[in-house]
Structures are given as structure tokens and as C-alpha cells.
Colleague: 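First, the structure itself, so that you have it in front of you.
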Amino acid sequence: MTMTEQSAKPAEEETARCAHHDGHGPGSSAEAPESPRERVNRRWNEVLQETRVTQTGVQILFGFLLSVAFTPLFRELGTVDRVIYVLTVVLGASATGSLIAPVSIHRFLSGQRMKDEVVEAACRLMMCGMVLLALTIGCTLLLILRFVVPGVLAEVLVGGVMLWFGLCWYVLPLRLRRRAARRPLTDDA
């Protein structure tokens, strides 16, 4: 049974709980609470927007990675750099798969009255894809900086960038989520 088919009272409880979690709903703004159907439609539209942004980035990066093997300098890469390159390409392909998968899932399940399941699967795939994308960017940066910067400075710079990604993409959102969860669900209007 999907959320849109549940009885009104459990649906209202779910909406209130998830609305607080999402930052929408009573206490988060002066707007009226959204119905379960409105909520799943809003979440799906948000996933579509996020997917558009990340798909473009990962596809451009992956296309760049694929072209590197056909450049004259690629033949000069040592074993370690070739291993980094292969790992980077595999991570890029995996990120591409995860970030495009919501489109495929939607296409296969469209009209099956499974939107909440589709949204949940898409959200999980997006999170997985973002981790894979961060790793792909880190490995790409490592490959480039090992070629340009002498010594361990490349690894230090990549470590700093990956730390920054971790802070921006994961630590900050989790911190904001925890802070919002501590706020009481009251109507301040």
C-alpha cells in the first residue's frame, strides 16, 4: 500500500513527521500542510531538479575521463597513475549509473501507482551517486595533480579538497538536519 492510499489520520501523521524532517509543514513556514500526494509530488520534482544538475556534471566529467586514454601523454603514465585512472573511470561510470538510474526506474514504473517507492529509490540512488561522484572528482584531481605537482603535495591537496567536499556535501546537511530535528513542531504563525 502506498502512502497516497493510506487512511487520512496515518497520512497526516506521516506528513507532519516528514514535513518537519524536510523543512516543510507546520512550524516551518506560514503555508498550510501539504497532503501526502502533494508531498510525494514535491519530493519527486526536487529529485528531478537535483538529478538534472548532477547528471550534467557527471556526464561531462566521465566524457573527459574517457578521452584521456586517447591522448599522447597517456602512454607515458606509470603503473600507479594508470591504476588511479582505471579506478577513476570505474567510479565515474558507477556515478553515472547511479545518477541516471532514477530516470530508468521512473520510466519502468510510470503509471504503476508507485511514486512514493520511486521517490525513495531515487533519493537513495542520488545519495550513492553523490558519494561516487565525489570519489570520481577526488581521483581525477589526484591523477591531474600527480602529473603537475611534485611530491606528496598532490595527495595533500586532494585530501583537503575531499575534506571540503565531505564538509559541504555531508557534514553540513546532517548538522542542519539535526538542528531542525531539535526544534519543536509548533505553529509560530
Side-chain angles (χ1 to χ4, degrees), residues 1-59 61 91 94-138 141 157-189:
M1 182 182 311
T2 64
M3 181 172 50
T4 53
E5 297 169 343
Q6 294 173 353
S7 66
K9 185 170 175 150
E12 289 171 7
E13 292 169 3
E14 175 69 16
T15 300
R17 189 174 73 244
C18 293
H20 173 67
H21 189 65
D22 287 347
H24 298 276
S28 65
S29 68
E31 299 175 19
E34 57 191 358
S35 71
R37 184 174 182 85
E38 291 169 332
R39 179 177 175 275
V40 77
N41 285 333
R42 175 188 52 79
R43 287 187 70 213
W44 178 246
N45 286 328
E46 289 172 355
V47 167
L48 286 178
Q49 293 303 319
E50 294 162 359
T51 300
R52 286 183 184 115
V53 171
T54 55
Q55 279 180 355
T56 303
V58 76
Q59 288 171 338
L61 179 58
L91 286 168
S94 300
T96 301
S98 288
L99 295 171
I100 293 177
V103 175
S104 177
I105 290 171
H106 179 262
R107 193 53 19 229
F108 274 97
L109 300 177
S110 181
Q112 301 296 312
R113 298 183 187 270
M114 296 178 64
K115 190 178 254 182
D116 14 347
E117 290 88 350
V118 169
V119 169
E120 190 60 36
C123 288
R124 291 177 191 272
L125 285 163
M126 289 290 295
M127 288 302 297
C128 178
M130 294 298 292
V131 170
L132 292 167
L133 177 58
L135 292 172
T136 303
I137 292 170
L141 192 58
L157 291 171
V158 170
V161 169
M162 294 308 293
L163 179 63
W164 178 247
F165 274 22
L167 290 171
C168 292
W169 289 11
Y170 303 103
V171 174
L172 178 61
L174 290 173
R175 185 171 180 215
L176 292 172
R177 177 188 280 182
R178 273 195 218 121
R179 186 183 312 163
R182 286 191 295 245
R183 275 187 266 153
L185 275 175
T186 58
D187 226 349
D188 295 333

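For reference, positions follow the sequence shown, starting with 1.
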Colleague: About how many Å separate CD of Q59 and OG1 of T54, when rounded to the nearest 0.5 Å?
Modeller: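 Reported to 0.5 Å precision, the distance equals 9.0 Å.
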
Colleague: Measure across L91 and L132 and return the closest heavy-atom pair with its distance rounded to 0.1 Å.
Modeller: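 It is CD2-CD2, 3.9 Å.
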
Colleague: List in chain and number order the residues that pass side-chain hydrogen bond (donor to acceptor under 3.5 Å, both in side chains) with N45, two or more places apart in sequence or in another chain; answer none if no residue qualifies.
Modeller: none

Colleague: Quick one: pull up CD in E50 and CE in M127 and give me the separation to the nearest 0.5 Å.
Modeller: 10.0 Å

Colleague: Run the side-chain donor-acceptor check on residues 98-105: report pairs under 3.5 Å with partners two or more places apart or on a different chain.
Modeller:
unit_1	atom_1	unit_2	atom_2	d
S98	OG	S94	O	3.4

Colleague: So, using side chain to side chain contact (heavy atoms under 4.5 Å, CB included) as the criterion, who are the partners of R52 when residues are at least two apart?
Modeller: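 For R52, the residues satisfying side chain to side chain contact (heavy atoms under 4.5 Å, CB included) (neighbours in sequence not counted) are L48, Q49.
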
Colleague: What I'd like to find out is whether the side chain of K115 reaches to under 4.5 Å of the side chain of R43, using heavy atoms alone.
Modeller: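 Of all side-chain heavy-atom pairs linking R43 with K115, none is under 4.5 Å.
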
Colleague: Would you please test L133 and L61 for side chain to side chain contact (heavy atoms under 4.5 Å, CB included) and show each step?
Modeller: CA-CA 9 Å; L133 177 58; L61 179 58; 4.2 Å; yes

Colleague: Please give me the minimum heavy-atom distance between V158 and G138, naming the atom from each residue.
Modeller: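 Smallest interatomic distance, heavy atoms only, reads CG1-O, 3.6 Å.
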
Colleague: Side chain to side chain contact (heavy atoms under 4.5 Å, CB included) with R179: which residues, sequence neighbours excluded?
Modeller: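 In terms of side chain to side chain contact (heavy atoms under 4.5 Å, CB included), with neighbours along the sequence ignored, R179 is linked to R175, L176, R182.
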
Colleague: Not counting sequence neighbours, list each pair that qualifies as a ring pair (Phe, Tyr, Trp, His ring centres under 6.0 Å) and has a residue in residues 107-128.
Modeller: none

Colleague: Check whether any side-chain N or O of Q112 sits under 3.5 Å from a backbone N or O of L109 as a donor-acceptor pair, and report yes or no.
Modeller: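 Absent.
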
Colleague: Just how far is it from atom CE of M130 to atom OG1 of T136, taken to the nearest 0.5 Å?
Modeller: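 One gets 11.0 Å once the value is rounded to the nearest 0.5 Å.
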
Colleague: Not counting sequence neighbours, which residues clear side chain to side chain contact (heavy atoms under 4.5 Å, CB included) with V161? List them please.
Modeller: L141, F165

Colleague: State the CD-CE distance between Q55 and M126, to the nearest 0.5 angstrom.
Modeller: 7.5 Å

Colleague: The test is salt bridge (charged side-chain N to carboxylate O under 4.0 Å, His left out); show your working for R42 and E38 and say whether it passes.
Modeller: CA-CA 6 Å; R42 175 188 52 79; E38 291 169 332; over 6 Å; no

